Amino acid sequence: MMSVQTCQETAEHSRLLKLFSAVFYAGSSFLITMVNKTVLTSFRFPSYMCLGIGQMITTLVVLYAAKKSKKVQFQDFDRSILFKIFPLPLLYVGSHITGLASTKKLSLPMFTVLRKFTILMTMILEVYILRKTFPKQLVYSVVAIVLGAMVAASSDLAFDVESYTFILLNDAFTAASSVYTKKKLGTEGLGKYGILFYNALIIVIPTLLASAFTGDLHKAVTFEDWVKATFICCFLMSCIMGFVLLYSIVLCSHYNSALTTTVVGAIKNIAVAFIGIFVGGDYLFSWTNFLGLSICMSGGLMYSYLTFTNKTTKSGRNTEGTQELKIHIAGDSTGKHCAS
């Protein structure tokens, strides 16, 4: 009885960690969206690239200080690090570049619907790379999210080959990055903090050179609002939130699947769209769009319910569980086992 009770408590603790990490990621993503919007739109800061560099530098400083003070542990840099973390830096850069390029000509509704294909791509990559299987209920909920996005954007079907190519490439890079992050979490010597630190370390120098080459660095340095305390506070807040967001993504991927992390991000975007209906005043209401958003949200809530209550796991194991129990009893009559 004690072993069964202990396992039940462990399972409950695991569910709470999964739920907390998912909520933490969703909240961090929402907050950094608001802060970045303030810096780039309200203050008209001219360089999103330099803002990203600030977030990378903050990640490096925080983790290096934490490592030196023995708060966190990860492997010291050597040649093996490049092989261990590859191809995460390339995937991150690819996702960043294609994401920015896809927003130039693509309308917001079509951007939203095409971004939902990241979920399908993540599911496919988890099957082939991580050898995972998914219950039918989860597959149906993912299909509902994608279908709802297509319905929501069906009234805006402007087609642009270049933008569609970039956004689908962005979906692929994002999905691959999520799956490989999950895979690399099990690499000896890296862990959550090693992935964050060395990914930022490898990316920051090429990004800094690119910003200097394109003139973004000069625009950022000569920006006139550097003398304003409010702008400095918002810029620093964005840098800090950049680190928090990256940490929340890795944490969510650690306790959940890569697919769950991707779906949580999608649910956050849908929730923001719903809030925009009632707050902000810039939402153009249409029944088609509202119906699509509702289907998306229903699929997202169904996925969350099945994932964080372990309904799919229980239902998927009922038949096998009886057979496993019979085999176990036949081999060992003591019954000293822990039911998961």
Side-chain angles (χ1 to χ4, degrees), residues 9-35 59 88 92 95 112 115-123 125-127 130 132-135 137-146 148-149 171 174-186 191-193 195-196 240-275 293 295-316 340:
E9 291 176 353
T10 302
E12 181 66 24
H13 181 63
S14 177
R15 283 196 293 271
L16 289 175
L17 287 175
K18 288 182 177 182
L19 180 60
F20 170 76
S21 61
V23 173
F24 179 44
Y25 166 47
S28 301
S29 181
F30 176 77
L31 288 176
I32 196 173
T33 300
M34 302 301 294
V35 175
T59 299
L88 275 179
Y92 182 85
S95 176
T112 302
R115 281 292 291 157
K116 294 297 182 290
F117 282 96
T118 303
I119 302 173
L120 281 179
M121 292 181 182
T122 302
M123 178 180 286
L125 287 176
E126 280 204 291
V127 171
L130 302 181
K132 289 200 64 175
T133 57
F134 297 96
Q137 299 98 316
L138 283 185
V139 176
Y140 294 153
S141 64
V142 168
V143 170
I145 295 173
V146 178
D171 290 346
T174 303
S177 180
S178 298
V179 173
Y180 274 102
T181 296
K182 179 68 175 179
K183 184 177 182 180
K184 297 297 181 180
L185 282 169
K192 300 187 293 292
Y193 305 108
I195 288 176
L196 287 173
I240 295 170
M241 285 305 303
F243 162 70
V244 173
L245 177 64
L246 291 174
Y247 177 69
S248 69
I249 292 173
V250 173
L251 190 69
C252 188
S253 298
H254 176 72
Y255 288 114
N256 299 284
S257 67
L259 179 62
T260 297
T261 303
T262 305
V263 171
V264 168
I267 294 174
K268 184 269 300 183
N269 292 333
I270 299 166
V272 170
F274 261 111
I275 294 173
L293 289 176
I295 296 173
C296 274
M297 182 59 77
S298 299
L301 292 176
M302 181 190 302
Y303 182 96
S304 301
Y305 176 75
L306 294 172
T307 299
F308 298 119
T309 59
N310 288 340
K311 292 294 183 181
T312 54
T313 304
K314 292 176 183 178
S315 61
S340 58

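Computed from a predicted model, the values in this text were never measured in an experiment. Each residue takes its place number in the sequence, starting with 1.
- Residues H254 and S21 form no side-chain contact, since every pair of their non-hydrogen atoms from C-beta on lies 4.5 Å or further apart.
- A donor-acceptor pair is defined here as one N or O able to donate and one able to accept, closer than 3.5 Å; such a pair exists between the side chain of S141 and the backbone of L138.
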Determine, stepwise, if the pair Y255 / T260 fulfils side-chain contact (heavy atoms from CB on, under 4.5 Å). CA-CA 10 Å; Y255 288 114; T260 297; over 6 Å; no
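- Under the 30°/60° scheme for interplanar angles, the aromatic rings of Y193 and Y247 are found to lie parallel.
- Put simply, the side chain of Y303 reaches to within 4.5 Å of the side chain of V142, judged on heavy atoms.
- Expressed to the nearest 0.5 Å, how far CZ of F24 lies from CG of L245 amounts to 9.0 Å.
- Atom-to-atom distance recorded for T59:OG1 and L246:CG is 5.0 Å, nearest 0.5 angstrom.
- Residues T122 and A175 come closest through the heavy atom pair OG1-CB, 3.3 Å.
- For the pair E126 (side chain) and S257 (backbone), a donor-acceptor distance under 3.5 Å is absent.
- The heavy-atom pair separating G148 from C296 by the smallest distance is C-SG, 3.4 Å.
- In this structure, CD1 on I145 lies 11.5 Å from OG1 on T118, to the nearest 0.5 angstrom.
- Annotation: Y180, atom OH; neighbour count of heavy atoms from other residues, nucleotides and ligands within 6.0 Å does not exceed 12.
- Between M297 and L301, some side-chain heavy-atom pair lies under the 4.5 Å cut-off.
- Taking 4.5 Å as the limit, some side-chain heavy atom of V146 sits within range of a side-chain heavy atom of L120.
- For the pair A144 and I295, the tightest heavy-atom approach, listed with the atom from each and the gap, is O-CG2, 3.4 Å.
- Within the 4.5 Å cutoff, no side-chain heavy atoms of T262 are placed close to those of M121.
- When every heavy atom of S253 is checked against every heavy atom of K182, the shortest pair comes out as O-NZ, 2.8 Å.
- Distance check: T174 OG1 to I119 CD1 gives 11.5 Å after rounding to the nearest 0.5 Å.
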I would like to know whether K18 and T307 meet side-chain contact (heavy atoms from CB on, under 4.5 Å); could you show each step before the answer? CA-CA 9 Å; K18 288 182 177 182; T307 299; 5.7 Å; no
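- In this structure the side chain of T181 never reaches within 4.5 angstrom of the side chain of S178, judged on heavy atoms.
- Atom-to-atom distance recorded for S248:OG and F243:CZ is 10.0 Å, nearest 0.5 angstrom.
- Taking all atoms of both residues into account, the shortest heavy-atom contact from S28 to M241 is O-CE, 3.7 Å.
- With contacts defined as side-chain heavy-atom distances shorter than 4.5 Å, the pair I32/V244 does not qualify.
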